[in-house]
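Heads up: the structure comes next, in structure tokens.
Scope of the values below: all heavy atoms of this structure, side chains included, with no hydrogens, waters or symmetry mates.
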Amino acid sequence: MRIDIVTIFPEFFDVLDISLLGKARQAGIIDLGVHNLRDATTDRHRTVDDTPYGGGAGMVMKPEPWGEILDGILASDSEPDAVEGDGPLVIFPSPAGDVFTQAMARELSNEEHLVFGCGRYEGIDQRVFDHTATRARVRLVSLGDYVLNGGEVAVMAMIEAIGRLIPGVVGNPHSLVEESHEDGLLEAPSYTKPASWRGLEVPPILLSGNHGAIAAWRREQQLERTRRVRPDLLQP
């Protein structure tokens with residue numbers, strides 16, 4: 001998968017060189033490009049924002065740098081005979097977007113090229129979304145019902161969730177199936193050695209060797225935890 005990120009803080013994404021995603025980059029499973037939006041400015045102050053039309057607090061990110069930098073990224077993927085729906089998907093983190101879920105992460109892990117645009121201040125000029133939508137698929141995605149200072153944290157979370165679902169990134173693919181939200185339920189609690197620790201015991205069923213009974217116990221734990229913590233995930 002090819003991933004491009006546009007940001008005014010490129011150093012924020014240095015962390016993608018470590019852990020599983022770092023190994024995936026070294027192995028060529030993920031091809032990552034981080035682009036500094038200020039490199040597309042033309043003034044000596046490298047200005048990327050201005051006051052909003054109509055008044056109001058804060059600043060809005062200007063369309064010109066975004067247009068220039070997205071021109072270069074999208075041009076590298078353009079083909080004259082491309083089928084509609086092919087090509088890169090451009091994602092802008094936004095409180096006004098669709099809520100990011102595990103199902104969306106799995107869907108996006110099948111894309112060949114994702115482009116993430118990290119907004120700052122009071123957001124990005126709407127015309128950037130509108131114009132980009134004339135040449136690529138555009139999606140606004142929200143990490144949750146709260147506001148962050150910028151899109152970088154949201155993009156990191158999405159890349160982490162999406163990247164680990166790409167074949168070859170996680171060593172044991174079966175571990176992905178048993179995680180929270182994969183089947184609509186929260187994950188069951190996990191235990192390891194020692195069997196007794198500070199007066200707390202591992203549930204005896206996990207030491208029984210009865211795999212059928214263990215699977216049933218874990219399923220019941222999933223249902224109980226989901227009922228208690230996230231009842232909204234359960235079907236009526």
Side-chain angles (χ1 to χ4, degrees), residues 1-10 12-16 18-22 24-25 29-35 37 61 66 70 73-74 85-124 126 128-130 132-133 136-170 173 175-187 222 225-226 229-235:
M1 175 188 283
R2 170 71 183 174
I3 297 176
D4 283 287
I5 304 168
V6 181
T7 173
I8 60 172
F9 297 117
F12 190 97
F13 296 96
D14 290 347
V15 70
L16 292 175
I18 64 175
S19 191
L20 289 177
L21 293 183
R25 292 182 64 188
I29 299 172
I30 295 176
D31 179 18
L32 180 70
V34 182
H35 310 267
L37 182 66
M61 298 193 92
W66 280 101
L70 289 174
I73 295 172
L74 298 179
D86 287 347
L89 172 63
V90 184
I91 296 175
F92 294 97
S94 169
D98 299 323
V99 176
F100 186 71
T101 63
Q102 184 67 16
M104 186 188 295
R106 186 162 292 282
E107 173 194 341
L108 296 177
S109 71
N110 295 314
E111 294 283 343
E112 293 185 3
H113 187 183
L114 294 175
V115 180
F116 291 94
C118 302
R120 279 269 157 179
Y121 315 119
E122 295 303 310
I124 303 171
Q126 176 65 34
V128 174
F129 309 139
D130 297 340
T132 306
R137 291 171 294 146
V138 172
R139 193 166 186 178
L140 304 185
V141 178
S142 171
L143 203 60
D145 295 334
Y146 46 86
V147 178
L148 301 169
N149 286 332
E152 285 78 11
V153 169
V155 167
M156 272 297 309
M158 285 189 270
I159 291 176
E160 178 90 3
I162 295 165
R164 63 197 307 276
L165 297 175
I166 299 172
V169 172
V170 174
S175 65
L176 300 175
V177 179
E178 300 175 355
E179 295 176 328
S180 290
H181 302 294
E182 277 298 329
D183 59 357
L185 301 175
L186 300 184
E187 189 175 12
Q222 283 187 280
R225 177 178 275 183
T226 305
V229 180
R230 291 291 305 278
D232 56 295
L233 296 176
L234 293 173
Q235 295 293 328

Closest approach of [X] to [Y] (non-hydrogen atoms, all atoms of both residues):
| X | Y | answer |
| --- | --- | --- |
| I30 | G163 | CD1-CA, 4.4 Å |
| L233 | G184 | CB-O, 3.6 Å |
| P88 | V115 | CB-CG2, 4.1 Å |
| A157 | L143 | CB-CD1, 3.9 Å |
| C118 | F13 | SG-CZ, 3.9 Å |
| G150 | R120 | CA-NE, 3.5 Å |

Kindly compute the distance separating [atom1] ([X]) from [atom2] ([Y]), expressed to the nearest 0.5 Å.
| X | Y | atom1 | atom2 | value |
| --- | --- | --- | --- | --- |
| L89 | E107 | CG | CD | 8.5 Å |
| I159 | M1 | CD1 | CE | 9.5 Å |
| T132 | L74 | OG1 | CG | 6.5 Å |
| I3 | L21 | CD1 | CG | 7.5 Å |
| H35 | L70 | NE2 | CG | 9.5 Å |
| S142 | F92 | OG | CZ | 15.5 Å |

With a 4.5 Å heavy-atom cut-off, do [X] and [Y] have their side chains touching?
| X | Y | value |
| --- | --- | --- |
| F9 | V34 | no |
| H113 | I73 | yes |
| L108 | L165 | no |
| V141 | P93 | no |
| F100 | D98 | no |

Verify, without hydrogens or angle tests, whether T226 (side chain) and L186 (backbone) share a donor-acceptor contact under 3.5 angstrom.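 Flag set: sc T226 to bb L186 pair under 3.5 Å.
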
Lys/Arg-Asp/Glu bridge criterion (N-O < 4.0 Å) met for R139, E111: no

Carboxylate-amine/guanidinium contact E187 R225, below 4.0 Å: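 Salt bridge flag = no for R225 with E187.
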
Determine whether F116 and V6 satisfy the following criterion, side-chain contact (heavy atoms from CB on, under 4.5 Å), listing intermediate values before the conclusion. CA-CA 6 Å; F116 291 94; V6 181; over 6 Å; no

Taking atom [atom1] of [X] as the centre, report whether more than 12 heavy atoms of other residues, nucleotides or ligands fall under 6.0 Å from it.
| X | atom1 | value |
| --- | --- | --- |
| N110 | CG | yes |
| D14 | CG | yes |
| E122 | CD | yes |

Please report the C-alpha distance between I5 and F12 in whole Å, then the side-chain angles of each, then the deciding distance to 0.1 Å, and finally whether the side-chain contact (heavy atoms from CB on, under 4.5 Å) criterion is met. CA-CA 11 Å; I5 304 168; F12 190 97; over 6 Å; no

Could you please spell out the steps behind the side-chain contact (heavy atoms from CB on, under 4.5 Å) verdict for I162 and M104? CA-CA 9 Å; I162 295 165; M104 186 188 295; over 6 Å; no

side-chain contact (heavy atoms from CB on, under 4.5 Å) assessment of L37 paired with T7: CA-CA 6 Å; L37 182 66; T7 173; over 6 Å; no

